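Okay, structure first, notes after.
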Amino acid sequence: MEKGQTIVGIEEGLHGQQEETALFGMGCYWGPDSRFGSLPGVLRTRVGFAGGTTEQPVYRNMGDHTETVEIVFRPSVISYEDLLHVFWENHYPNRDEYKGRQYISLIRYFSEEQKETIGRVKQEMEDRLGEPIETDIAPFASFTPAEEPHQKYYLKRYPKALEQLSALYPEESLLTPSAYAARLNGVVKSFGSKEELTIELRTWPIPAADQTKLIDQLHSMKW
Ligand code: MHO
């Protein structure tokens with residue numbers, strides 16, 4: 001677990017198991033936050049800025065950085081290769097630059113193993129696409145989280161739901177790194193359904209009573 005991301009509360013049991021991180025840029029980061037957050041095996045997501053040199057980037061002043069989503073996942077449930085497929089199957093990687101590097105297709109990798117997997121999947125996708133893929137690929141150097149209103153952006157369109165969530169996640173520092181909030185942020189964009197989430201919640205390594213709390217909240221949620 002990274003410093004400053006201590007997770008306590010109802011999801012504590014989800015953590016301390018084997019984790020891996022992925023970092024992707026594929027256009028405006030709000031959508032990928034919802035898409036990847038909806039996937040079983042994804043533990044948490046954050047949106048932010050990567051790939052550039054500008055110090056202390058923020059949304060209105062990101063300089064040469066790119067909008068990206070950081071995905072922490074459990075590789076025993078979903079593989080890096082699976083995530084790469086979701087990445088390349090859901091955006092066109094060879095768009096002309098628009099607003100500089102803000103929306104380019106980008107991957108930053110965290111290990112030689114990830115680098116090797118990227119090479120293999122990229123070849124496969126190029127064969128399918130029929131042209132070379134221009135995704136900007138390099139080793140990870142830095143990631144700066146975006147400001148709070150950008151995290152779980154689509155879920156935040158539902159203030160009533162957020163109010164109910166605050167019963168189980170009393171502070172923003174619990175909500176942004178929450179797997180439950182990541183799934184709900186997917187559900188509101190129709191990535192994943194309430195039914196699928198109900199089934200998945202029963203597999204979470206947290207006490208059954210806490211699973212029930214989350215399931216009850218999901219089904220009684222007023223949007
Ligand atoms: N066209 C979008 C981009 C937002 S995204 C975080 C908007 O401003 O509504 O780049």
Side-chain angles (χ1 to χ4, degrees), residues 2 4-5 21-39 42-73 83-110 118 125 133-138 140-163 165-166 169 171-192 223:
E2 284 172 50
Q5 269 215 283
T21 303
L23 190 74
F24 300 136
M26 51 194 294
C28 173
Y29 51 27
W30 294 334
D33 195 15
S34 289
R35 183 184 293 282
F36 286 102
S38 74
L39 303 174
V42 168
L43 292 169
R44 55 188 187 274
T45 64
R46 284 193 298 184
V47 297
F49 315 105
T53 57
T54 304
E55 305 262 341
Q56 299 179 322
V58 290
Y59 180 62
R60 295 276 168 224
N61 195 6
M62 71 182 76
D64 56 354
H65 286 287
T66 298
E67 291 194 19
T68 56
V69 60
E70 176 203 64
I71 303 152
V72 178
F73 61 102
L83 294 178
L84 284 172
H85 276 111
V86 174
F87 170 72
W88 270 313
E89 283 166 14
N90 288 287
H91 75 296
Y92 179 64
N94 298 349
R95 282 193 319 187
D96 287 338
E97 278 194 14
Y98 153 75
K99 294 199 182 178
R101 290 172 57 83
Q102 180 170 357
Y103 297 120
I104 63 170
S105 175
L106 176 142
I107 300 176
R108 290 294 176 265
Y109 56 83
F110 293 82
I118 292 164
M125 299 307 292
I133 282 177
E134 291 162 17
T135 301
D136 179 321
I137 301 167
F140 174 78
S142 76
F143 171 80
T144 307
E147 299 94 308
E148 184 275 317
H150 290 271
Q151 308 295 338
K152 312 284 175 294
Y153 179 83
Y154 290 113
L155 180 60
K156 288 187 175 146
R157 301 306 95 200
Y158 298 89
K160 253 198 209 168
L162 286 178
E163 211 180 293
L165 276 168
S166 69
Y169 301 87
E171 349 166 344
E172 177 61 36
S173 62
L174 291 175
L175 193 69
T176 294
S178 151
Y180 187 61
R183 298 293 184 280
L184 293 180
N185 189 41
V187 168
V188 297
K189 283 292 278 180
S190 303
F191 296 127
W223 298 92

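Keep in mind that what you see is a predicted model, and the values were worked out from it rather than measured. Both ligands and their constituent atoms are indexed starting at 1 by order of listing. Values below: every heavy atom of this structure, side chains too, minus hydrogens, waters and symmetry copies.
Salt bridge status for Lys156 with Glu148: present, with a side-chain N to carboxylate O gap under 4.0 Å. Salt bridge Glu89/Arg35: absent, no basic N to carboxylate O contact under 4.0 Å.
Under 4.0 Å from ligand 1, the heavy atoms of Trp30 that appear belong solely to its side chain.
Of the possible polar contacts, none joining the Thr144 side chain to the Gln56 backbone as a donor-acceptor pair under 3.5 Å is found. A distance-only check finds a donor-acceptor pair linking the side chain of Arg183 to the backbone of Gly37 [under 3.5 Å].
Near Cys28, the atoms of ligand 1 lying under 4.0 angstrom from a non-hydrogen atom of the residue are 3 (C), 4 (C), 5 (S), 6 (C), 10 (O). The contact set between ligand 1 and Gln102, taken as ligand atoms under 4.0 Å from a residue heavy atom, comprises 10 (O). Proximity to Tyr103 (heavy-atom distance under 4.0 Å) selects the following atoms of ligand 1: 3 (C), 5 (S), 10 (O).
For atom 1 (N) of ligand 1, no protein heavy-atom neighbour is present inside the 4.0 Å cut-off.
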Using residues 48-55 as the side-chain source, report each donor-acceptor pair under 3.5 Å to any protein atom, sequence neighbours left out, with the distance given to one decimal.
from  : atom 1 : to    : atom 2 : distance (Å)
Thr53 : OG1    : Asp64 : OD2    : 2.7
Thr54 : OG1    : Asp64 : N      : 3.2
Thr54 : OG1    : Asp64 : OD1    : 2.9

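Residue Tyr59 holds the heavy atom nearest to atom 4 (C) of ligand 1 of all those in Tyr153, Tyr59, Tyr29.
In terms of polar-atom proximity, defined here as any N/O pair under 3.5 Å, His150 makes no such contact with ligand 1.
The heavy-atom pair separating Tyr59 from Glu67 by the smallest distance is CE1-OE2, 3.4 Å.
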